[in-house]
Every structure is written in structure tokens, then in C-alpha cells.
> 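Please see the structure below; I have some questions.
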Amino acid sequence: MQAEITWLDDPGVFRVNQLPAHSDHSFYAGEEEYRQEKSSLCHSLNGVWQFCYSRNASERPAEFYREDFNADGFDEIQVPGHIELAGYDKIQYINVMYPWEGQDYRRPAGTESAENQRKDLFSGAVYNPVGSYRLSFDLPENMSGKRISIFFEGVEQAMYVWLNGVFIGYAEDSFTPSEFDLTEVVRDTGNILAVEVHKRSTAAFLEDQDFFRFFGIFRNVSLVAKPRLHLEDLWIRPLYEPETRTGELRLRLKFSGQTEGGRVQVAVKDAGGKLHLSEELSVHDTDTTEGVWKMPGQAEPWDNHDPRLYKLELRLYDGGGGLTEIIPYEFGFRKIEIRDKVICLNGKRIIFCGVNRHEWSAESGRCIGREEMEWDMKCMKRNEINAVRTCHYPDQIPWYSMCDRNGIYMIAETNLETHGSWQKWGNMDVSWNIPGSFPAWREVTLDRARSNFEVFKNHTAVLMWSLGNESYVGDVLEEMNRLYKEWDPDRLVHYESVIYNRDYEDTVSDIECRMYAPPEAIREYLDHEPKKPFVLSEYMHCMGNSLGGMRSYTDLLDQYEMYQGGFIWDFIDQALFVTDEVTGHRVLRYGADFDERPADYEFSGDGIVFADRQEKPATQEVRYLYGKYR
């Protein structure tokens, strides 16, 4: 199979040769690795790669993936990282508009507005930068002879992959993992990996988030070795009944490799190491095994005040009795539901003292590490924040486990925002809104929902799935809602833009979600036979010297049981450190400070925390008011 540059222009092509999305579980080859939490079955490819920047597809080194290609003229770049922050291309911050507005006429394929435009919308663009990455590597000795895949945790925005001159695959969803099988092509030594990243494709219409527009390999890249019997996917469904405090554990395991005669030892321990469950399952020829067990005695529930987690340990043995891998996963027993139009956790009304959180570093943009995540978590805990919405894309995998362990309630958002396709400077024009009800955008949108679910389905902290943000509504979002409910009947579904079209009120979102509704509007809804509990998915826009009047919202928590809090916009400013040309000092620069147009200026600075992770005075108000209710 050959790569086609025209895939950039076709919303129907968004994953080629990708392995199916699966759970984010870790796995270890033996007991000692497990004790040290260092897996020999995963090998990082982070580091310095060869790199070439091109202004568009026609100027790129199209054959750079060939093994005999002379890359002596290539530069070097750090992976992970944004191409713009390595000194290439331009830095641009924009909120609602698409970044090309006023410069290029582009409308989504499959809509009437696109009928007369050029077909090579992105592949033939004068400006659509390309990053060409090359890396030489040897396979670690312990991986030799095993099935090998490559795991990209995040690449923005469209990616082609080759190994040793052979085309491997294509991916577009920037914020969920993309994995490809390398087994038939990889060698023990002298491998040449080539990755071509395009800044824009049809995916740009779906990724119109309120943020700086970067591109490149900005999250970790790893090689994964799969032993002879391997757990491909794990789904843990811990069911909890608060009235009886009883728990039931349901497992669904999917395997690959030599399944015949295989078996799985299942153990569940509490935080103190006490064994609560010990069972054994056979690996069936169907490659899928399921188990259901009642927990002995009472199950300890998980919530924000006491985030008790159990540890599941799976040990896989092949037909010859040999241990092939160990899989640990932490989970908690909790029940999220709507009772009498009130969202309840473990039978009690829940109040969301939340924030929306972009991943951000003033040094490295959305390429953040463990240190920034740990600071964010500590900041939330000391400021009485108990909930986070992953605006408006899936976050890095470790963040979800950190929320599990710290009892932070999560709204896990699908990578979808298309407000530039229907919001027009305060007016609404839904004639080319996507995904809407357009068939051309159905599969790509549902695939994003599926990936979000499959990767993060085991995290106890995820109480709601979100269909995305500010994408209006339509038949495709209605189907997303239905699929989330089918895939996962144990969680709620969140979406806000139903308020613009009440025809979908009963079929999209379990909750009445709104943005920036004044207190009077909340009262108006709740005083007139409300259908659903009310949550503010965004409120208290913290820009400049703002956050005043927050008490007018929190006071409503005492007056209306169906009002259940909200999520401040937002947690951290988006700004970047630069050296001032005049003073020579390091300063923070916001939107339009990089001579970009169009831009939305200082609108990127609306967090309760400055971009350098200093708390603003507004956090005192947050801590005081949230502390009364969390």
C-alpha cells in the first residue's frame, strides 16, 4: 500500500493501518520488573531526531523515507515538542475562527458550501507546513523475535509513518494514541523510522479549540514488544450498590498471540495489600474472556473525600505454563447516576467544584511532563477543586491515573470542537456546521469518540463522557451520545450546545449544560419544570482582574438541589516565555504578541493560574467558596 497525499483533503480517510484503540494498561515481563515498575516491553524513542521543515507539501522532501535518502542536510529536533517552539513556522493563537480565515477560502468537504472550491484544499495549499522526521534505531535485545508496534501518544495533526522504506500507516486524531504494527518490517539493527507531519488536514475543521495552533510530535513515542500471549485490551467494570455497600467486579479481557491453553490468574488487593479476590480464567480461542465476581463483604467506595482504590493484578500464562506478562491496574467502586433529576455519586448528591484545564507550559506549550501535572494536581487539591474537564481533547494518559488517586472527578472530553463552522461574530450560521448531520463527517467523528472511550474506560475518576465542545448539534452528535450509552451504561454523557437546538434535547446529553449563564438564567430554568440537572460546563471566565461575583453562583447550590456546580474557565493562562527584544528580560507573551493574524490577543490569558504556574489572587476566592461545598 502506498501513501496518498490526497488523504489530507478527504474526511473519509482518517486512520490507515492503525491498530484498534485499546485500554491504557501497563504490562511487565516478570515479577522483578513489576516491583521496579520498569517494563522491558516498552522502549522510548524520545530524544533527538533528524528534521526538515517545509512550507507546504509540494516543497517537502517527498522521498525522505527511503533508506538510501541522504539526510545530511536535515536539522535536529527534540521529540516530543512543538515544531513552532523549535524555531520553525509561526506561532498563532486563535479562539473561534479557523486560523486561515481572511487568507484562504475553505469549507468542509461534503457540505454544499464546499461544492465550488478546489479539491486539494490542504495537499495543494501554498501554506500548509510539513515536518519530516527521521530516526535511526536498533531494537533492544530483549525485544528481538517478539511482535513489535510503535505507539505515538500525540501527533498534531496529520501523520504518515514509514519504516525501512515501507509505508506503515496514517493517522489524524491529534490527542489520542496512534499505534501501528511493525512486526513484518522491523529489524534487529539499523532501522530507519520516518514520520511526516502536516500542520493541517480536514482534521483541522474538527480541532478548532481555543488554543495556540501548533504541530509536530508533541507527546511520547515508544516501541512496544508483545510477548507470545498478550493482553490487548482490558475493561474493568466495578459495579457498586451504595445501599448495601456491595461490589461486583466484571472483567472483559481480549488477547492476542498464542491463546491455546492459556490462563489468567486474577487477584484483587486493597491499598494495604490485603487479598480480596483470587480467581483463574481460561483464555478462549475466541481471544476474549469474561469474568464476574461478587466482592466478599463490603466494598470500600471511592469519592473525592476518600479516593479508595483497589489493585487488580493479572498474570498471564501460556499453554506451556510460562508467565508471559503481568498487568496491574488500580480501580475504585463507585456509582454515578441521576436520581429524581439529581446527579448522585454513591447515592448522595454530588457538587462539582471544577475547572477546565488545558495542558500547558510557558516553556514548552502543550508538551508537558510529569512535573507540571503534579503541580497542577497539588494546586487543585489545596484550592478545594474537586473536578476537572479535559477541555477540549483527551489529556496525557498519566493525568487520568493521577485523578483516580487524588479523587478528582473528570469529564473526559472527545477531541472535537468546530465552533468556527457555525459561530460568526455573535451570529449563528449552521449551513456548513460539522459534524452536524453530514454523512461525510460521521465516521471520523464517531472514531474520535470510540478512541476516547477505549483508552480511558477503566479510570474511576471519569464520571462523564463529553461529546466535545461548541460543535452545535445534529444527527452525528446524537449517534455519539447513543453509542457512549451503549458502550458504557455506567456513566453519564455531557454536552452543552444542545441549548441552541432543543430538537435534540431528549437525545443528546444527560445533563442541562450551559456556558456563562447568569444566575438569573439558572433560576429561570430550575423554577420551570426542569427536565435535567443543571451544570455549568464553563463559567467565571477568569480573564484579567475577574472572578468577581462567584458567590452569586455558589449560593445557588444551597437553594436548588438540581443545580450541581460548574467548571471555571479556566485553570491556567496560555502564554509563552520569550526574551524581550528591548530589555533582554524573559517575559510572558500572549496571543498576537507573535505578529500573527488572525489572532484573539490576550483572550488566551483567562486562568486562575498564570502561565508560569503562579497562583493569581483569584485563587483565594476559589479556595474559600469551593471549600464550603466540595
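Atom set for the values below is all heavy atoms of this structure, side chains included, hydrogens, waters and symmetry mates excluded.
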> Drop me the distance from Ser437's OG to Asp475's CG, to the nearest 0.5 angstrom.
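Those atoms lie 3.5 Å apart.
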
> Just by distance, no angles: are the side chains of Asn164 and Asn191 close enough, under 3.5 Å, to form a donor-acceptor pair?
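Result is yes, a qualifying pair exists.
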
> Would Thr414 and Tyr484 count as having a side-chain donor-acceptor pair, cut-off 3.5 Å?
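Yes, side-chain donor-acceptor contact under 3.5 Å.
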
> Considering residues, nucleotides and ligands other than Arg66, do more than 12 of their heavy atoms fall under 6.0 Å from its CZ?
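Not buried by this count: 12 neighbours or fewer within 6.0 Å.
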
> How many angstroms lie between CD in Glu313 and CG in Leu277, if you round to the nearest 0.5 Å?
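With rounding to 0.5 Å, CD (Glu313) is 12.0 Å from CG (Leu277).
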
> Glu479 and salt bridge (charged side-chain N to carboxylate O under 4.0 Å, His left out): which single residue from Arg450, Lys485, Arg442 fits?
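With Glu479 as partner, salt bridge (charged side-chain N to carboxylate O under 4.0 Å, His left out) holds for just one option, Arg442.
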
> Give a yes-or-no answer on whether the side chains of His198 and Gln157 include a donor-acceptor pair shorter than 3.5 Å.
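Distance-only check fails for His198 and Gln157.
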
> Under 3.5 Å, is there a donor-acceptor pair between the side chain of Asn128 and the main chain of Arg200?
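Yes, Asn128 side chain to Arg200 backbone: donor-acceptor pair under 3.5 Å.
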
> Do Glu207 and Asn415 touch side chain to side chain, with heavy atoms closer than 4.5 Å?
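The answer is yes, as the side chains (C-beta and beyond) meet within the 4.5 Å cut-off.
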
> Can you confirm whether Lys254 is buried at NZ, in the sense that more than 12 heavy atoms of other residues, nucleotides or ligands lie under 6.0 Å from that atom?
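At most 12 heavy atoms, drawn from other residues, nucleotides or ligands, come within 6.0 Å of this atom.
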
> Would the His230 and Phe27 ring centres measure less than 6.0 Å apart?
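Yes - the distance between ring centres of His230 and Phe27 falls below the 6.0 Å cut-off.
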
> What I'd like to find out is whether the side chain of Glu330 reaches to under 4.5 Å of the side chain of Ser401, using heavy atoms alone.
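Answer no - side chains too far apart.
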
> On the six-membered ring of Tyr317, is Arg263 placed so that its NZ or CZ lies under 6.0 angstrom from the centre and within 45° of the ring axis?
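Ring-cation test returns yes.
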
> Supply the atom-to-atom distance His494 NE2 to Arg491 CZ, rounded to the nearest 0.5 angstrom.
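The CZ atom of Arg491 is 15.5 Å from NE2 of His494, to the nearest 0.5 Å.
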
> Do the side-chain N and O atoms of Asp9 and Ser123 include a donor-acceptor pair separated by under 3.5 angstrom?
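A pair is found: one side chain offers a donor N or O, the other an acceptor, under 3.5 Å apart.
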
> Rounded to the nearest 0.5 Å, what separates atom CG in Leu223 from atom CG in Leu193?
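The distance works out to 8.0 Å.
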
> Distance only, no hydrogens: is a donor on one side chain within 3.5 Å (strictly under) of an acceptor on the other, for Glu179 and Ser149?
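Indeed, the side chains of Glu179 and Ser149 share at least one donor-acceptor pair under 3.5 Å.
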
> Cation over ring, Arg134 on Trp162, under 6.0 Å and within 45°?
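That pair does not qualify as a cation-pi contact.
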
> Do Tyr65 and Glu67 have a side chain donor and acceptor closer than 3.5 Å?
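Side chains of Tyr65 and Glu67: no pair found under 3.5 Å.
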
> For the residue pair Lys311 and Phe331, would you count it as a cation-pi contact if the rule is NZ or CZ under 6.0 angstrom from the ring centre and within 45 degrees of the ring axis?
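Checked: cation-pi criterion not met.
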
> Please check if the number of heavy atoms outside Glu260 that lie under 6.0 Å from its CD is greater than 12.
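Atom CD in Glu260 is not packed in, count stays at 12 or less.
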
> Phe175 vs Phe218, test: ring-ring contact (aromatic ring centres under 6.0 Å, His included). Steps then yes/no.
CA-CA 10 Å; Phe175 295 93; Phe218 73 102; 5.5 Å; yes

> Going by atom types only, do Trp465 and Asp488 share a side-chain donor-acceptor pair under 3.5 Å?
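Yes, Asp488 and Trp465 have a side-chain donor paired with an acceptor closer than 3.5 Å.
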
> Does the side chain of Ser361 pick up a donor-acceptor pair with the side chain of Arg366 at under 3.5 Å?
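No pair is found: no donor N or O on one side chain lies under 3.5 Å from an acceptor on the other.
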
> Do the ring centers of Phe167 and Phe180 come within less than 6.0 Å of each other?
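Between Phe180 and Phe167, which both carry aromatic rings, the centre distance is not below 6.0 Å.
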
> For Thr183 and Asp181, which I'm curious about, is there any donor-acceptor pair between the side chains at under 3.5 Å?
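Note: Thr183 and Asp181 side chains meet the donor-acceptor criterion.
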
> Answer yes if the side chains of Asp188 and Ser144 hold a donor-acceptor pair under 3.5 Å, and no otherwise.
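Checked: Asp188/Ser144 side chains pair up, N/O donor to acceptor below 3.5 Å.
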
> Rounded to the nearest 0.5 Å, how far apart are CG of Leu483 and CG of Leu467?
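One gets 10.0 Å once the value is rounded to the nearest 0.5 Å.
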
> Under the salt bridge (charged side-chain N to carboxylate O under 4.0 Å, His left out) rule, what do Arg250 and Glu290 come out as? Steps first, then yes or no, please.
CA-CA 7 Å; Arg250 298 185 179 186; Glu290 297 185 359; over 6 Å; no

> Using only atom types and a distance under 3.5 Å, with no angle test, would you say the side chain of Asn142 pairs donor to acceptor with the backbone of Ser40?
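Yes.
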
> Checking Asn469 against Glu417: is there a side-chain donor and acceptor pair closer than 3.5 Å?
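Looking only at side-chain atoms, Asn469 and Glu417 do form a donor-acceptor pair, the distance falling under 3.5 Å.
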
> Taking atom CD of Glu371 as the centre, report whether more than 12 heavy atoms of other residues, nucleotides or ligands fall under 6.0 Å from it.
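Open.
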
> Only one of Gln396, Glu359, Glu156 passes side chain to side chain donor-acceptor pair (under 3.5 Å) with Arg219; say which it is.
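Answer to the side chain to side chain donor-acceptor pair (under 3.5 Å) test with Arg219 among Gln396, Glu359, Glu156: Glu359.
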
> Would you say the rings of Phe64 and Trp49 are close, in the sense that their centroids are separated by under 6.0 Å?
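Between Phe64 and Trp49, which both carry aromatic rings, the centre distance is not below 6.0 Å.
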
> Between CG of Leu251 and OG1 of Thr289, what distance do you get to the nearest 0.5 Å?
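Answer rounded to 0.5 Å: 10.5 Å.
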
> Counting only heavy atoms not in Gln36, do more than 12 fall under 6.0 Å of its CD?
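Correct, the count exceeds 12.
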
> Please report, to 0.1 Å, the donor-acceptor pairs under 3.5 Å made by any side chain of residues 70-78, with sequence neighbours excluded.
unit_1, atom_1, unit_2, atom_2, d
Asn70, OD1, Asp72, N, 3.0
Asp75, OD2, Tyr88, OH, 2.9

> If you measure only the distance, is there a donor-acceptor pair under 3.5 Å linking the side chains of Asp173 and Tyr393?
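Tyr393 and Asp173 do not have a side-chain donor-acceptor pair below 3.5 Å.
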
> In this structure, is the centre-to-centre distance between the rings of Phe453 and Trp235 below 6.0 Å?
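Between Trp235 and Phe453, the centre distance is under 6.0 Å.
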
> Please examine the side chains of Tyr34 and Pro328, heavy atoms only from C-beta on, and report whether any two atoms are closer than 4.5 Å.
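Yes, close enough: below the 4.5 Å cut-off.
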
> Give me the one residue out of Lys226, His22, His25 that meets side chain to side chain donor-acceptor pair (under 3.5 Å) with Glu232.
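Per the side chain to side chain donor-acceptor pair (under 3.5 Å) rule, the option paired with Glu232 is Lys226, out of Lys226, His22, His25.
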
> Checking side-chain polar atoms at under 3.5 Å, does Asp404 have a donor or acceptor matched by the opposite partner on Tyr329?
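Side chains of Asp404 and Tyr329: no pair found under 3.5 Å.
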
> Taking side chain as C-beta onward, heavy atoms only, is Pro238 less than 4.5 Å from Glu248?
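Answer no - side chains too far apart.
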
